[in-house]
Each structure stands twice: as C-alpha cells, then as structure tokens.
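Starting from 1, each residue takes its place in the sequence as its number. Values below: all heavy atoms of this structure, side chains included; hydrogens, waters and symmetry mates excluded.
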Amino acid sequence: MSVQNYIVTGTDTDIGKTVFSAMLMLALGEVVDKVSYWKPIQSGIEGAVDTRVVQRLTNLPDENFVKEAYVLTEPLSPHRAAEIDGIKIDMDALKLPKTGGSLIIEGAGGLMVPITRKQLFINQFKRWKVPVILCARTGLGTINHTLLSLEALWSRKIPILGIAFIGEENTDNMNVIAELSGEKVLGHLPMIEDLDADKLLNIFHQNFNIRDFLRD
C-alpha cells in the first residue's frame, strides 16, 4: 500500500484540526517511512505556533516538519493579519513541498477563510488537488456547518477523503451528516485532557481505521 498527501481543514476555527493532524501523523508513522506536517500560513503566534504544538504532541524530529510559508502575528484571517504585518502573501509561495513521503497540510480556520482579498483557502485546496479531511464538531450547529462545507467542496469538485468528528459523543449528529451527505465518517476524536503521543495513538486505534488513510 502507498500513502498520499492530505489536507486537514475544518468547518470553523478552533475545531481541533491541529490535534487531529498530530494524531494522524503518529498513526501513519506506524505504517509508512516518513510523514511530514506543513502549516502553510500561521495566523497568531501567542503561545506556540501550530507546527510546534504538533511537534510537542508527536515528539517527532524537526525533519518531519516543513517550515511555514508565512507566520503572521495576529490571530486573524490571513488576509487581514498579513496587512497588519505589512506582508504581501505571494500565492506562488504556497506550492506543495516535496517531502519524500506523506504530507499532512493543515489549513487555517474554515474553507472560506481569505488568504488574500482575492483568494480563499478552498480555491487553493482545489489547485493542490489533494484529498480533504473535513474536521467537524459533534455539537449543536454541526449539521448545518458540515453540510454547507461539503457543498462548497462538492461544487468545486475537490476530492474528499472523509469527515473526522471532534468533540463529545453525539451519535445522532454524526449519523445524520453521514446519511445526508453520503461521505465517509473516518472516526471520532473525543475531547481528552493532557494529551500526549501515547494517548493520541490509543484514540486513533480505538476510533479510526488506518486503512481509510492508505491506498493500494
């Protein structure tokens, strides 16, 4: 079996994309030679940038992490954060890096977040031609937000690997979204405190199937 690149995006901000990305890195690392993580645009540097969060959660070396194309100071939409920092985002700087293995690409916020005043993340995803993993909440509002996000992906013919739910158990919401969309539910990442690499791997093996992330 071989692996491919993945885009990890969400139906909104603060969904849990970064934790999911760390979990997926660990799981793939058990079956492939190399897995890398790339956060093309980081908006907000208070605390730690997402790349360092993923590295802390996985304990993987620097060679598994691709440097961000842009690190912006303010925790805002990239288009505005870049303006405040006096930076002009060059879309050509967002070409997919070659890592010699599988690459997990984490977006910023939701699909319709502007990179510039003329470009949305979802349109960049279409250019990359990489399957999307859509991270969605389990709670109130997720049916509407998830189905709208899927509609946006479908309308642009962007390939979807599946949906990863994050949050408290809510079987009905997850089932309704699966039934109405026809998209595969990859699994459910519950809210767990004091996460580390061992806990993330255990969660993956209990709630996900690695074969869903591999191809023949």
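- A donor-acceptor contact shorter than 3.5 Å links the side chain of S43 to the backbone of L76.
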Where do D194 and K199 land on the side chain to side chain contact (heavy atoms under 4.5 Å, CB included) test, with the steps shown first?
CA-CA 9 Å; D194 301 321; K199 286 183 180 178; 3.8 Å; yes
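- When all heavy atoms are compared, the tightest approach of Q124 to I115 is CB-CD1, 4.0 Å.
- Both V66 and I105 sit in one connected hydrophobic cluster of ILVMFWY residues. Membership requires side-chain heavy atoms under 4.5 Å apart, directly or through other members.
- For K39, the salt bridge (charged side-chain N to carboxylate O under 4.0 Å, His left out) criterion is met by D50, E106, not counting sequence neighbours.
- Under the 4.5 Å side-chain heavy-atom criterion for ILVMFWY residues, a single connected hydrophobic cluster contains both V31 and I104.
- Residues passing the side chain to side chain contact (heavy atoms under 4.5 Å, CB included) test with T171, sequence neighbours excluded: E169, N175.
- Partners of Y70 by ring-ring contact (aromatic ring centres under 6.0 Å, His included), not counting sequence neighbours: none found.
- For P190, the side chain to side chain contact (heavy atoms under 4.5 Å, CB included) partners are H188, I192, I203, N207, not counting sequence neighbours.
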Stepwise, does the side chain to side chain contact (heavy atoms under 4.5 Å, CB included) test hold for L24 with I133?
CA-CA 11 Å; L24 184 56; I133 299 170; 3.8 Å; yes
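- When the side chain to side chain contact (heavy atoms under 4.5 Å, CB included) test is applied to D12, the partners found at least two apart in sequence or on another chain are I15, R137.
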Apply side-chain hydrogen bond (donor to acceptor under 3.5 Å, both in side chains) to T51 and E68, showing your working.
CA-CA 8 Å; T51 301; E68 302 91 342; 3.0 Å; yes
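- Under the rule for a salt bridge (charged side-chain N to carboxylate O under 4.0 Å, His left out), E183 has no partner lying at least two apart in sequence or in another chain.
- Taking T138 as the reference, nothing meets the side-chain hydrogen bond (donor to acceptor under 3.5 Å, both in side chains) condition, with sequence neighbours excluded.
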I would like to know whether L134 and T9 meet side chain to side chain contact (heavy atoms under 4.5 Å, CB included); could you show each step before the answer?
CA-CA 5 Å; L134 181 65; T9 187; 4.0 Å; yes
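- F121 meets the ring-ring contact (aromatic ring centres under 6.0 Å, His included) test with F125; sequence neighbours excluded.
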Go through it in stages, so that I can follow the logic: the residues are D62 and Q55, the test is side-chain hydrogen bond (donor to acceptor under 3.5 Å, both in side chains), and I'd like the CA-CA distance, side-chain angles, deciding distance and then a yes or no.
CA-CA 8 Å; D62 289 343; Q55 188 168 25; 2.7 Å; yes
Mind listing the side-chain donor-acceptor pairs of residues 86-100 below 3.5 Å, one per line with the distance, residues two or more places apart or on another chain?
from: D90; atom 1: OD1; to: D92; atom 2: N; distance (Å): 3.0
from: T99; atom 1: OG1; to: G101; atom 2: N; distance (Å): 3.4
from: T99; atom 1: OG1; to: G101; atom 2: O; distance (Å): 3.4

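- Linking Ile, Leu, Val, Met, Phe, Trp and Tyr whenever their side-chain heavy atoms come within less than 4.5 Å leaves V132 and V19 in two separate clusters.
- By the salt bridge (charged side-chain N to carboxylate O under 4.0 Å, His left out) test, D212 pairs with K184, sequence neighbours left out.
- Linking Ile, Leu, Val, Met, Phe, Trp and Tyr residues whenever their side-chain heavy atoms come within less than 4.5 Å places V130 and L120 in a single cluster.
- Listed by chain and residue number, nothing satisfies the salt bridge (charged side-chain N to carboxylate O under 4.0 Å, His left out) test with R56 (two or more places apart in sequence, or in another chain).
- Not less than 6.0 angstrom separates the ring centroid of Y6 from the ring centroid of F20.
- In the hydrophobic clustering, where aliphatic and aromatic side chains (Ile, Leu, Val, Met, Phe, Trp, Tyr) are joined below 4.5 Å either directly or transitively, V49 groups with I45, V71.
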